[in-house]
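Structure, as structure tokens:
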Amino acid sequence: MTKGSLFIISGPSGTGKGTVCKELVKHNNIYLSISATTRDKRVGEVDGETYFYISKEEFKKMIDSDMMLEYAEYSGNYYGTPKEAVEKMLKEGKNVILEIEAQGALKVKEKMPEAVMIFIIPPSIKELRDRLAKRGREDESEIEKRINTAKWEFSQCPKYNYVLVNDDLETCVKNTLEIINATNERQKIIEKLLSEI
Ligand code: 5GP
């Protein structure tokens with residue numbers, strides 16, 4: 001069986017990467033890794049689906065037991081990717097998506113250089129601010145904090161394999177699917193050639 005591929009999707013908060021990922025998992029053989037976080041659950045979020053909501057102590061225990069593929073602090077909270085589930089899905093030949101911020105993304109790339117990194121950007125900063133305000137999750141000071149973090153995140157763009165503009169959701173999803181399909185094709189060809197040696 002062809003080994004699954006790992007995709008990292010990052011982008012500033014409010015860029016719409018969560019919505020892109022929701023669309024991607026509707027397609028065959030694409031799965032999203034569920035992260036653990038110490039941040040509070042928001043209205044509409046489901047424990048074990050959106051995130052695993054855990055305490056700082058539990059988070060630290062997971063790090064100490066080497067259960068995290070990567071983790072990072074973001075806006076005063078910890079976020080991390082539980083390792084076991086990702087490894088299991090890859091072994092099963094699935095396409096796995098990590099929707100994570102840039103510090104964690106770079107740590108994954110160090111450990112797993114074959115991971116394909118996709119950075120999603122908004123068409124403009126005005127649009128980014130408008131989207132954050134419209135979704136109404138963060139107050140004004142939190143929005144400014146996230147815009148400030150975006151400055152550093154944009155500087156990490158060149159380290160990604162692909163940069164996609166999320167101007168139109170459908171186009172952005174289509175472009176991401178093309179990257180996933182091309183990566184799968186490449187993997188299949190390499191495995192075939194290796195099996196012929
Ligand atoms: P939010 O609080 O808006 O759900 O997420 C804040 C940021 O944390 C987003 O950029 C999201 O991609 C990132 N994030 C979510 N899960 C993880 C994770 O497991 N690891 C890392 N490094 N970042 C994560």
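First listed ligand is number 1; within each ligand, the first listed atom is number 1. Values reported hereafter were calculated over all heavy atoms of this structure, with side chains retained and with hydrogens, waters and symmetry mates removed. Quick caveat, the model's predicted, so the values are computed rather than measured.
- Not a single N or O atom of Gly11, backbone or side chain, sits closer than 3.5 Å to an N or O atom of ligand 1.
- The distance from the CD1 atom of Ile8 to the CE atom of Met112 is 8.5 Å, given to the nearest 0.5 Å.
- The aromatic rings of Phe154 and Phe119 lie tilted to each other, with the angle between the two planes from 30° to 60°.
- Under 4.0 angstrom from ligand 1, there are no non-hydrogen atoms of Glu138.
- Between Glu185 and Lys188 there is a salt bridge, with a side-chain nitrogen of the basic residue lying less than 4.0 Å from a carboxylate oxygen of the acidic one.
- Distances between N or O atoms of Arg137 and those of ligand 1 include no value under 3.5 Å.
- Residue Tyr74 places no N or O, backbone or side chain, under 3.5 Å from any N or O of ligand 1.
- At least one heavy atom of Gly80 sits closer than 4.0 Å to an atom of ligand 1.
- Residue contacts with ligand 1 for Tyr79 involve both N, CA, C or O and side-chain atoms from C-beta outward (heavy atoms, distance under 4.0 Å).
- Counting only heavy atoms of the protein, atom 20 (N) of ligand 1 lies nearest to Glu70 OE2, 2.7 Å.
- The closest non-hydrogen atom to atom 11 (C) of ligand 1, taken over Arg39, Glu153, Glu99, Gln103, comes from Glu99.
- By the 4.0 Å N-to-carboxylate-O rule, Lys60 lies too far from Glu57 to be salt-bridged with it.
- When each atom of ligand 1 is checked for a heavy atom of Arg146 under 4.0 Å away, the hits are 2 (O), 3 (O).
- In the model, Ser5 has no side-chain atom that pairs as donor or acceptor with a side-chain atom of Gln187 under 3.5 Å.
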I would like to know whether Glu84 and Lys88 meet salt bridge (charged side-chain N to carboxylate O under 4.0 Å, His left out); could you show each step before the answer?
CA-CA 6 Å; Glu84 200 181 323; Lys88 183 170 176 283; over 6 Å; no
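- Which parts of ligand 1 touch Ala72 is read off a 4.0 Å heavy-atom cut-off, strictly below it: atoms 22 (N).
- With rounding to the nearest 0.5 Å, the separation of CZ in Arg39 from OG in Ser75 is 10.0 Å.
- In terms of protein heavy-atom proximity, atom 19 (O) of ligand 1 is closest to Ser35 OG, 2.6 Å.
- Scanning the protein heavy atoms around atom 10 (O) of ligand 1, the nearest turns out to be Lys17 NZ, 3.5 Å.
- Considering backbone and side-chain atoms together, Glu101 places an N or O closer than 3.5 Å to an N or O of ligand 1.
- Judged by distance alone, the side chains of Tyr160 and Ser10 do bring a donor and an acceptor atom under 3.5 Å apart.
- Looking at ligand 1, you'll find an N or O of Tyr51 within less than 3.5 Å of one of its N or O atoms.
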Trace of the salt bridge (charged side-chain N to carboxylate O under 4.0 Å, His left out) decision for Lys61 with Glu58
CA-CA 5 Å; Lys61 257 191 212 153; Glu58 287 170 307; over 6 Å; no
